[in-house]
Amino acid sequence: MRKLQMVDLKSQYDKIKDEVNASIQEVLDTTTYINGPLVHQFQADLEKYLGVKHVIPCANGTDALQIAMMGLELKPGDEVITADFTFAATVEVIALLQLTPVLVDVDMDTMNISIEALKKAITPKTKAIVPVHLFGRAANMDAIMEIANEYNLFVIEDNAQAIGANYASKDGSKVKVGAIGHVAATSFFPSKNLGCYGDGGAIFTNNDALAHKLRGIVNHGMYVRYHHDVVGVNSRLDSIQAGVLKAKLPHLDAYNAARREAAYKYNQALSVNPNIVVPEFDMNGDDHVFHQYVIRITNGKRDGLLEHLMAKGIPCAIYYPIPLHSQKAYVDSRYAEADFPVTNQLVKEVAALPMHTELDDEQIKFITDSVLEFV
Ligand SMILES: *Cc1c(COP(=O)(O)O)cnc(C)c1O
């Protein structure tokens, strides 16, 4: 059996080596390291793929979130609502900009922001909502956009984990996740569904004026060289990373299909055990692209299971072990534990199994047999 890894980037690279190497060589041969043609080509390719008017590449996903919020001109004290159960980057940039993060609970079955909790958290100071498409599953964007319209709020999609997912709106249309809100942020961190070989990120929007503003913010607030109109940052996607991404983008749909296929096989094997809750998804739809494959162990054996798997050489992880509202940096006297029953339960039950584009049947069988023999 091939060695088990949480993410197998080497096997993936071996299959696309020629395309990737050619892209990197092009940058080296032309010395166009910063803002080279490949950055613009990748940007155009991604705009087309997502069906979004503007992609603004930047240095990483965290910057993308921060720059999106700067572009919307949110002011200190403005409240921004996001999920309690996610990676810290989302809440970090809210706090960094001196906006007020308002964490709310998630739904048990989707692990995405709870619409009920979101509605309850809205105050006259609320200015924006940041839904996270956690683990690759689209959040309930119909409901979120409806609330945003009703209360005149911005929606900033954190699309770091769900690039390529489609959202089937209740009006029957299908839209790529990240092209629904006012603006979206994504990450090209190597392990993400579309990952480069270093750091990278991008912001998407259909709004021309906002796109213009964002292009200045990523470049020191310059719209004309050496004229600094707004306070900006330095956040660039370098040309080598853009070259890698340009070579990988044509494979993204196949990569996401491979992830869904692996998730389906995991589900088939694991759903026989009543102590395991598997992520339900529609094999005919494509609203879940499985950045992570996360199950719940409901009989108290989660921690034991992880030890058992590690002992057998199976990598596994807890995403995420501590709710954001309990993190030292983000504790706030306005929160009560009773506000977060779902997150508080999830952190005790979730277990992530290896998930990537290169899992084979033998590996999946070994992993699922090992889970079932313990739980
Ligand atoms: C990875 C990730 C980010 C941050 O992306 P970086 O490129 O690592 O800065 C933000 N939000 C979520 C949900 C993520 O998974």
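Heavy-atom basis, side chains included; hydrogens, waters and symmetry copies ignored. Numbering of ligands and ligand atoms starts at 1, following listing order. Throughout, numbering of the chain's residues begins at 1 and tracks the sequence.
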Residue and atom name of the nearest protein heavy atom (relative to atom 13 (C) of ligand 1), distance in Å to one decimal: Asp158 OD2, 3.4 Å

Is there a nitrogen or oxygen of Tyr320 sitting under 3.5 Å from a nitrogen or oxygen of ligand 1? no

Do Phe189 and Phe87 have ring centroids that are under 6.0 Å from one another? no

Between Glu349 and Arg296, does at least one N-O distance fall below 4.0 Å, as a salt bridge requires? yes

Which ligand 1 atoms, with their elements, are less than 4.0 angstrom from a heavy-atom of Val132? 13 (C)

Are more than 12 heavy atoms, taken from residues, nucleotides or ligands other than Asn152, located less than 6.0 Å from that residue's CG atom? no

Return yes when Lys192 approaches ligand 1 closer than 4.0 angstrom through a heavy atom, no otherwise. yes

To the nearest 0.5 Å, tell me how far Asn140 CG sits from Met145 CE. 12.0 Å

Evaluate Asp199 for polar contact with ligand 1, using N/O atom pairs at a separation under 3.5 Å. no

Between Gly61 and ligand 1, is there a nitrogen or oxygen pair with a distance under 3.5 Å? yes

If we number the atoms of ligand 1 from 1 as shown, the ones under 4.0 Å from a heavy atom of Gln161 are 13 (C), 14 (C), 15 (O)

What part of Thr62 sits under 4.0 Å from ligand 1 if we count only heavy atoms: the side chain, the backbone, both or neither? both

Rounded to the nearest 0.5 Å, what separation is found between the CD1 atom of Ile276 and the CG atom of Asn299? 8.5 Å

Counting each atom of ligand 1 from 1 as listed, which ones have a heavy atom of Ala160 under 4.0 Å away? 2 (C), 3 (C), 10 (C), 11 (N), 12 (C), 14 (C), 15 (O)

Contact atoms of ligand 1, heavy-atom distance to Asn60 under 4.0 Å: 7 (O), 9 (O)

Side chain to side chain contact (heavy atoms under 4.5 Å, CB included) evaluation trace for Gln12 with His251: CA-CA 10 Å; Gln12 190 192 62; His251 300 280; over 6 Å; no

Lys/Arg-Asp/Glu bridge criterion (N-O < 4.0 Å) met for Glu26, Lys246: no

